[in-house]
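All heavy atoms count here, side chains included; hydrogens, waters and symmetry mates do not. Lettering follows sequence order; numbering is per chain, from 1.
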Amino acid sequence: MHFFWLSTLDSKLLTPPPMSKQPQTAISPTRAENFPEWYQQVVRAADLAENSDVRGCMVIKPWGYAIWENIERRLDAMFKATGHENAYFPLFIPMSFLEKEAEHVEGFAKECAVVTHHRLEPDGKGGLQPAPSAKLEEPLIVRPTSETIIGATFARWVQSYRDLPILINQWANVVRWELRTRLFLRTAEFLWQEGHTVHATEAEAREETMRMLDVYADFAENTMAMPVIKGEKTAGERFPGAVSTFSIEALMQDRKALQAGTSHFLGQNFARAQNIKFQDENGQEVFAWTTSWGVSTRLIGGLVMTHGDDDGLMLPPKLAPAHVVILPIYRNDDEKTQVLAFCDALEKELAAQSFAGEPVRVRIDKRDLRGGEKKWQWVKRGVPIRAEIGPRDVASGKVFYGRRDSSAKLEAPRAEFVTNIANTLADIQQSLFARALEARKAATVQINDLATFKEFFASKDDEDSEGGGLAYCHFIESPAMDEILKSLKVTVRCVPLADADEPGKCIFTGQPSPRRGIFAKAY
RNA sequence: CGGGGCGUAGCUCAGCCUGGCUAGAGCGCUUGGUUUGGGACCAAGAGGUCGCAUGUUCGAAUCAUGUCGCCCCGACCA
């Protein structure tokens, strides 16, 4: 008996105190406390994705996938508007295809999944094994990117200059066998789009490369509300096999940079490797010029780290699966009938409005949950506007609502709320961008000497030092620079296109440098 | 592939050092009740071959050996 009491008491005493009933923030730890952990918690709390049974691969949950669908739909429209068509190419690529472009092999060989058999058989121990008799003549690799298989196809499609340009995009999954993975930011399998184009002239291909970079920047800033810097990658950071690589770079709230999209001018490298050639107007047989460009589900990670706060995700309205969530509040059946009638009508009125060229997306959450919990679920998921409708609002014909981008509680007559909805959403979209831009400005510096550079990046990210950020510096690529950067875990992000030439001296070697590059720690 | 850690309920973990009778907690879930402009409370309940294998022992979640898997830190990456 005594023994029982003791053990019961003990287990109670040793149990950690229950979570406080009203924590300050919906997500813990906060961004300031532990940013990487905060990121993981937001991805989970916002129902975006979870780890799967397959190492390094994620399950994208409905809310997260709905965001991806919105990204896909809007980007796809932009691709179509610039003359591209969608097609689909195989998941498997013959290994020999990868071998054709030397730099390309080197870049991807280390992280390829390889298919070697086409049949399983019992292993005699109750399990299965690849059947030795079913070994493939030539192994297939699971595409890490599709330049080679698409290039081989294009080689057949192109004979005359009249066949050009070819402007193709594919939405697909790719596999890169990454060792260290993080949901959305780096997973072994991810979803993306890859554009592949073929042109008759270098100028045209270069123009295409820049056009798509502009499309990405436009999308990032105007749809994702994520400010980006367009720039060219240095030789060291270039896509394997490309002549030049351009990217859009965003700065996250922890002051680390995220490459959010890339556009490559491939020159004639892949055309040569894959024999993409055509007869020009003069009857001459010449190699074509190609480009490729892509963005991935990584953008969702960027979204989280650009706009999220300590209460969870904060979605830019243009990508939010729901613009408005209506939360009915009632105590009894009488109120329920009235409130729900009001909510249903409100839903219809809102859905008849449009925002950014699409109908306003509304959900009513009728689940039988406590109001508080229900509200917080939607806060964490980042819905731009929550309308909380109770009997008082029904009686007064008003809508009580909260904006995710501010903690303000607002109230408006129903009709006004409805007619203003597009404006409110536009305002939220704008405020998210402005805030992110402000944060980037605050974290951006110009540095002209190595000592300051080292100090800037050596400072810890924790405490109040607010270490790191984006540094604009003069540089010339060199082994000396690489070594210093490596020791600081800093990378050259790009050489911004917007900046004018400004002669100076490389802060690493003192050599003359024509313009500045941006440096940052990166994802 | 180097260095460290962990596998116990759906989730987070306690118990293991010092083996012992019916293996625990919190959260979540189900049911009933009380609440209701707010992340509620009370009660009852479902849920575990303690990663797997072998060994030591009268007896293994606990000890030993092996094995598989996962996580963290390094070298590489959208």
**OP:** Could you please name the option among B:A78, B:G37, B:G39 that lies closest to any side-chain atom of A:Gln259?
**Re:** B:A78
Original post:
Heavy atoms under 4.0 Å, any strand shown: does A:Lys489 hit a base, just sugar-phosphate, or nothing?
Top reply: sugar-phosphate
Original post:
Expressed in angstrom and rounded to an integer, what is the separation of A:Glu50 atom CD from B:G10 atom P?
Top reply: 15 Å
Original post:
Expressed in whole Å, how much space separates the C1' atoms belonging to B:G39 and B:G2?
Top reply: 46 Å
Original post:
Roughly how far apart, to the nearest Å, are B:U8 and B:G4 at atom P?
Top reply: 22 Å
Original post:
Can you check the A:Phe246 CZ to B:A78 P distance for me, whole Å?
Top reply: 16 Å
Original post:
Which value, in whole Å, describes the distance between the C1' atoms of nucleotides B:A43 and B:G7?
Top reply: 35 Å
Original post:
How long is the line joining CD of A:Glu249 and P of B:A78, in whole Å?
Top reply: 10 Å
**OP:** Tell which nucleotide pairs with B:A43, taking only Watson-Crick or G-U wobble pairs whose two distances are both under 3.5 angstrom.
**Re:** B:U31
**OP:** Using Watson-Crick or G-U wobble geometry with both distances below 3.5 Å, tell me the partner of B:C76, or none.
**Re:** none
Original post:
Taking NZ, NE, NH1 and NH2 as the nitrogens, is one of them in A:Arg404 or A:Asp309 under 4.0 Å from a carboxylate oxygen of the other?
Top reply: yes
Subject >> Pairwise C1' distance, B:U65 and B:G47 [rounded to whole Å] >> reply: 33 Å
**OP:** Consider the side chain of A:Thr187, meaning its heavy atoms from C-beta on, and name the nucleotide among B:A75, B:G37, B:A78 that approaches it most closely.
**Re:** B:A78
Original post:
RNA chain B: A:Val394 or A:Phe184, which has the more 5' nearest nucleotide?
Top reply: A:Val394
**OP:** Figure out the CZ/P separation between A:Phe239 and B:C76, and round it to whole Å.
**Re:** 19 Å
**OP:** State yes or no: are the ring centers of A:Phe519 and A:Phe475 separated by less than 6.0 Å?
**Re:** yes
**OP:** Report which part of the nucleic acid A:Thr245 touches: base, sugar-phosphate, or nothing (heavy-atom distance under 4.0 Å, all strands).
**Re:** nothing
Subject >> Residues A:Lys398, A:Asp393: salt bridge by 4.0 Å N-O rule >> reply: no
Original post:
With rounding to whole Å, what would you report as the distance between B:G38 and B:G48 at their P atoms?
Top reply: 39 Å
**OP:** Looking at every strand, decide which applies to A:Leu258 at a 4.0 Å heavy-atom threshold: base, sugar-phosphate, or nothing.
**Re:** nothing
**OP:** May I ask you to say what A:Arg55 touches in the nucleic acid, namely base, sugar-phosphate or nothing, with a heavy-atom cut-off under 4.0 Å?
**Re:** sugar-phosphate
**OP:** Could you tell me whether A:Glu349 and A:Arg414 have a side-chain N and a carboxylate O separated by less than 4.0 Å?
**Re:** yes
Original post:
Contact class for A:Thr262 vs. all strands (heavy atom < 4.0 Å): base, sugar-phosphate, or nothing?
Top reply: nothing
Original post:
Nearest nucleotide by nearest heavy atom, which residue falls closer to the 5' end of RNA chain B, A:Gln40 or A:Ala188?
Top reply: A:Gln40
**OP:** With a 3.5 angstrom cut-off on both distances, give the Watson-Crick or G-U wobble partner of B:G48, or none if there isn't one.
**Re:** none
Subject >> Any-strand Watson-Crick or G-U partner of B:G7, both distances under 3.5 Å >> reply: B:C68
Original post:
Once you round it to whole Å, what is the distance between P of B:A40 and CG of A:Leu369?
Top reply: 9 Å
**OP:** Using the six-membered ring of A:Tyr216, assess whether NZ or CZ of A:Arg211 lies under 6.0 Å from its centre and within 45 degrees of the ring axis.
**Re:** no
**OP:** Specify the separation, in whole Å, of atom CD of A:Glu178 and atom P of B:G74.
**Re:** 15 Å
Original post:
Base, sugar-phosphate alone, or nothing: which one does A:Leu327 contact when heavy atoms must sit under 4.0 Å apart?
Top reply: nothing
**OP:** Could you work out the separation of B:U62 and B:C6 based on their P atoms and round it to a whole Å?
**Re:** 15 Å
Subject >> Output field: ring centroids A:Phe108/A:Phe239 closer than 6.0 Å >> reply: yes
**OP:** Scan A:Asn332 against the nucleic acid and name what it touches under 4.0 Å (heavy atoms): base, sugar-phosphate only, or nothing.
**Re:** nothing
Subject >> Between C1' of B:A78 and CG of A:Leu183, the distance in whole Å >> reply: 15 Å
Original post:
Across all strands shown, which nucleotide pairs with B:G20 by Watson-Crick or G-U wobble geometry, both distances under 3.5 Å?
Top reply: B:C58
Original post:
For the ring pair A:Trp293 and A:Trp192, is the centre-to-centre distance below 6.0 Å?
Top reply: no
Subject >> Watson-Crick or G-U wobble mate for B:U12, both contacts under 3.5 Å >> reply: B:A25
Original post:
Distance between the C1' atoms of B:A9 and B:A14, in whole angstroms?
Top reply: 13 Å
**OP:** Rounded off to whole Å, could you give me the CG-to-P distance for the A:Asn51 and B:G10 pair?
**Re:** 18 Å
Original post:
B:C11, B:A75, B:A40: which one has an atom nearest the side-chain heavy atoms of A:Glu373?
Top reply: B:A40
Original post:
Can you tell which of B:G37, B:A78, B:G39 lies closest to the side chain of A:Arg370?
Top reply: B:G39
**OP:** Establish whether the base of B:U35 is bridged to the side chain of A:Arg331 by a donor-acceptor pair shorter than 3.5 Å.
**Re:** no
Original post:
Looking at the side chain of A:Lys110, which of B:C76, B:G38, B:A78 is the nearest nucleotide?
Top reply: B:C76
**OP:** For B:U49 and B:A23, measure between their P atoms and round to the nearest Å.
**Re:** 12 Å
Original post:
Are A:Arg31 and A:Asp310 close enough for a salt bridge, meaning some N to O gap below 4.0 Å?
Top reply: yes
Original post:
Which part of the nucleic acid does A:Tyr523 contact within heavy-atom distance under 4.0 Å: base, sugar-phosphate only, or nothing?
Top reply: nothing
Original post:
Nearest of B:C76, B:G37, B:C11 to any side-chain atom of A:Arg44?
Top reply: B:C11
